[in-house]
Amino acid sequence: MKTMKTLTLAAVALFAAGSAAFAASVVNRDSEPQTLVVTEGGSQSELVVGAGETIEFCSAGCFVTMPNGDREVLTGSETVEISEGRGRVR
């Protein structure tokens, strides 16, 4: 029974670590904070990215509205780079 519990905990830990590897990320190269609007799983939220900050988000695919109003669909593996108030998917 103890072995089964250990294996289950190990599987959960591996799944949690593996799912984070597929998250999209955003890096803000501007000198001021920028805001993305993220729609994921039917809910919409604002993601404020500080100057020089990198944040992981969107682990299961999402729609993103960039600071300049452009919209993109992300699958969860992209990097969004914000520079001069514009977001670009890399």
Side-chain angles (χ1 to χ4, degrees):
M1 187 70 159
K2 187 174 183 179
T3 303
M4 183 63 147
K5 187 175 184 179
T6 303
L7 287 174
T8 302
L9 289 174
V12 169
L14 284 173
F15 177 75
S19 64
F22 293 110
S25 62
V26 57
V27 59
N28 182 3
R29 304 224 184 269
D30 284 346
S31 60
E32 57 192 47
Q34 297 289 346
T35 302
L36 300 175
V37 178
V38 180
T39 304
E40 186 173 16
S43 66
Q44 188 176 24
S45 62
E46 290 187 351
L47 177 64
V48 179
V49 186
E53 187 175 26
T54 300
I55 298 175
E56 288 190 357
F57 70 109
C58 187
S59 60
C62 61
F63 295 95
V64 178
T65 303
M66 305 296 180
N68 65 334
D70 289 349
R71 295 181 185 187
E72 294 286 340
V73 176
L74 304 180
T75 61
S77 61
E78 301 86 352
T79 298
V80 176
E81 183 177 299
I82 300 172
S83 179
E84 299 177 8
R86 295 185 57 111
R88 293 174 187 85
V89 178
R90 305 261 181 219

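In this chain, residues are counted from 1 in sequence order.
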Nearest atoms (heavy-atom pairs only) where D30 meets G85: OD2-N, 2.8 Å

Pairs of donor and acceptor atoms involving the side chains of residues 69-76, under 3.5 Å and at least two apart or interchain, shall be tabulated with distances.
residue, atom, partner, partner atom, Å
D70, OD2, N68, ND2, 3.2
D70, OD2, R86, NH2, 3.3
T75, OG1, S77, OG, 3.4
T75, OG1, E78, OE2, 3.0

Under 3.5 Å donor-acceptor pairs involving side-chain atoms of residues 35-54, not counting sequence neighbours:
residue, atom, partner, partner atom, Å
E40, OE2, S59, N, 3.4
S43, OG, E40, O, 3.2
E53, OE1, G50, N, 2.7

- request: Verify the cluster assignment for V89 and I82: are they in a single hydrophobic cluster under the rule of side-chain heavy atoms below 4.5 Å apart?
  value: yes

- line: So CE of M66 and CD of Q34: to nearest 0.5 Å the spacing works out to 11.5 Å

field: Which atom of S83 lies closest to which atom of R29, heavy atoms considered
entry: CB-CB, 4.5 Å

